[in-house]
Amino acid sequence: MERSRFVLSITLLLLQYSSKGTGAAKTNITTDQSALLAMRSHITSDPHNISVNWSTSTSVCNWVGVTCGARHLRVVSLNLSYRGFTGTIPPHLGNLSFLVALSFNNNSFYGTLPHELSYLRRLKFISLGFNNFMGSIPSWFGSFPKLQRLVLYGNQFSGTVPSTIFNLSTLQDIDLGANKLSGPSSTSVAASAAGK
Ligand SMILES: *[C@@H]1O[C@H](CO)[C@@H](O)[C@H](O)[C@H]1NC(C)=O
Ligand SMILES: *[C@@H]1O[C@H](CO)[C@@H](O)[C@H](O)[C@H]1NC(C)=O
Ligand SMILES: *[C@@H]1O[C@H](CO)[C@@H](O)[C@H](O)[C@H]1NC(C)=O
Ligand SMILES: *[C@@H]1O[C@H](CO)[C@@H](O)[C@H](O)[C@H]1NC(C)=O
Ligand SMILES: *[C@@H]1O[C@H](CO)[C@@H](O)[C@H](O)[C@H]1NC(C)=O
Ligand SMILES: *[C@@H]1O[C@H](CO)[C@@H](O)[C@H](O)[C@H]1NC(C)=O
Ligand SMILES: *[C@@H]1O[C@H](CO)[C@@H](O)[C@H](O)[C@H]1NC(C)=O
């Protein structure tokens, strides 16, 4: 019994290590640039001309809303909040493998969340409040190993809250209010997670 659990945890460690290894080998700042250019091309309305600033003549680290980490010189934060954008999230954002914070509050982004976002193993903060995102809240939200803050307030998410979210031991703050969620868990999940 003890032994099999030991073997299992070693296997999980190895799996974690190898997926980290291949991820790091395949991506670099050029990958981050392609991901952000894909993001730019998915913005269909930009009333304040913000995305004009996202020019390939300079490093993505100088782009408005983008912050790079000092150690790896990779994108660690993408903050497109309060910019009046309309658009969708491309799957390419799942290539921002060093991303820690994703903030899209108060825009008019819409559509469903691409499952490629689940590759972002370093994410601690996800804020998508006040947009028009729809579909169910993906169950892979429960698989971010470091997630501390999850704000989906004020969208069109429907269905029930996935039970995987109860497994997020790192979670400190969750707000799923003002959506179209059904089931008794939608309020209790917020209460129980907030009480942690
Ligand atoms: C990023 O990786 C690609 C493909 O592996 C490589 O061609 C490119 O030179 C790398 N770019 C940088 C800035 O390291
Ligand atoms: C954005 O750019 C367009 C076209 O260059 C221009 O007509 C418009 O006035 C600009 N808007 C702002 C808010 O700067
Ligand atoms: C984009 O904005 C940043 C911060 O305001 C500035 O440092 C940078 O030079 C701008 N880049 C371009 C291409 O306009
Ligand atoms: C994101 O950007 C907005 C607008 O520039 C700013 O008000 C907000 O404080 C930023 N949020 C974070 C977490 O940096
Ligand atoms: C990034 O993501 C997209 C879509 O998920 C994929 O097609 C692309 O090949 C990925 N890799 C790089 C290095 O851009
Ligand atoms: C964010 O959007 C909501 C809904 O449109 C609005 O009520 C709120 O005032 C906005 N907040 C800010 C700081 O713009
Ligand atoms: C939560 O984690 C436990 C232990 O890792 C696992 O057995 C269970 O299936 C998970 N539950 C959900 C809903 O993901």
Side-chain angles (χ1 to χ4, degrees), residues 18-51 54-123 125-135 138 140-141 143-144 149-158 173-181 190:
S18 63
S19 63
K20 224 182 230 171
T22 53
K26 270 200 274 181
T27 69
N28 57 27
I29 190 73
T30 310
T31 323
D32 289 356
Q33 189 195 57
S34 328
L36 292 173
L37 288 174
M39 183 68 237
R40 189 180 71 179
S41 72
H42 281 71
I43 292 174
T44 54
S45 172
D46 174 12
H48 308 297
N49 293 339
I50 303 293
S51 61
W54 287 22
S55 155
T56 51
S57 64
T58 178
S59 162
V60 297
C61 301
N62 299 324
W63 292 5
V64 162
V66 176
T67 308
C68 291
R71 202 148 62 97
H72 299 286
L73 212 71
R74 295 289 304 276
V75 175
V76 294
S77 165
L78 179 60
N79 176 6
L80 304 185
S81 293
Y82 308 104
R83 300 296 193 180
F85 290 136
T86 302
T88 54
I89 295 190
H92 308 73
L93 279 202
N95 291 341
L96 294 175
S97 27
F98 282 75
L99 200 68
V100 172
L102 181 65
S103 180
F104 280 33
N105 293 321
N106 278 59
N107 287 284
S108 299
F109 286 107
Y110 63 96
T112 55
L113 303 178
H115 73 87
E116 285 80 1
L117 292 182
S118 67
Y119 304 158
L120 302 175
R121 311 304 291 166
R122 291 177 168 85
L123 268 183
F125 309 100
I126 302 177
S127 291
L128 306 176
F130 288 119
N131 282 283
N132 295 311
F133 290 113
M134 59 172 285
W140 45 256
F141 269 129
S143 67
F144 292 115
R149 184 173 160 79
L150 176 62
V151 178
L152 304 179
Y153 189 91
N155 282 280
Q156 311 286 328
F157 287 108
S158 57
D173 186 11
I174 180 169
D175 197 342
L176 309 178
N179 278 288
K180 296 176 170 173
L181 299 169

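In this chain, numbering begins with 1 at the start of the sequence shown. Indexing begins at 1, ligand by ligand and atom by atom, following the structure's order.
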So if I count the atoms of ligand 6 from 1 in the order they appear, which ones are less than 4.0 Å from some heavy atom of Asn106? 1 (C), 2 (O), 3 (C), 8 (C), 10 (C), 11 (N), 12 (C), 14 (O)
Any idea how Phe130 and Tyr153 line up, ring-wise: parallel (<30°), tilted (30 to 60°), or perpendicular (>60°)? perpendicular
Which pairs count as disulfide bond (SG atoms under 2.5 Å apart) when at least one residue sits in residues 60-123, sequence neighbours excluded? Cys61-Cys68
Between Arg74 and Thr27, a side-chain donor and acceptor under 3.5 Å: yes
Mind checking side-chain contact (heavy atoms from CB on, under 4.5 Å) for Phe141 and listing every partner two or more places apart, or none if nothing turns up? Leu113, Ile126, Ile137, Pro138, Phe144, Leu150, Leu152, Ile165
Is the closest side-chain donor-acceptor distance between Ser103 and Ser81 under 3.5 Å? yes
Taking salt bridge (charged side-chain N to carboxylate O under 4.0 Å, His left out) as the definition, give me every residue that meets it alongside Arg149, ordered by chain and number, with sequence neighbours left out. Asp173
Do Asn95 and Thr31 meet the criterion of a side-chain donor-acceptor pair at a distance under 3.5 Å? no
Counting only heavy atoms and a distance below 4.0 Å, can you name the residues contacting ligand 5? Thr31, Pro91, His92, Asn95, Glu116
The atoms of ligand 6 lying under 4.0 Å from a heavy atom of Phe130, numbered in the order shown, are 1 (C), 2 (O), 3 (C), 4 (C)
Which ligand 6 atoms are under 4.0 Å away from a heavy-atom of Tyr82? 12 (C), 13 (C), 14 (O)
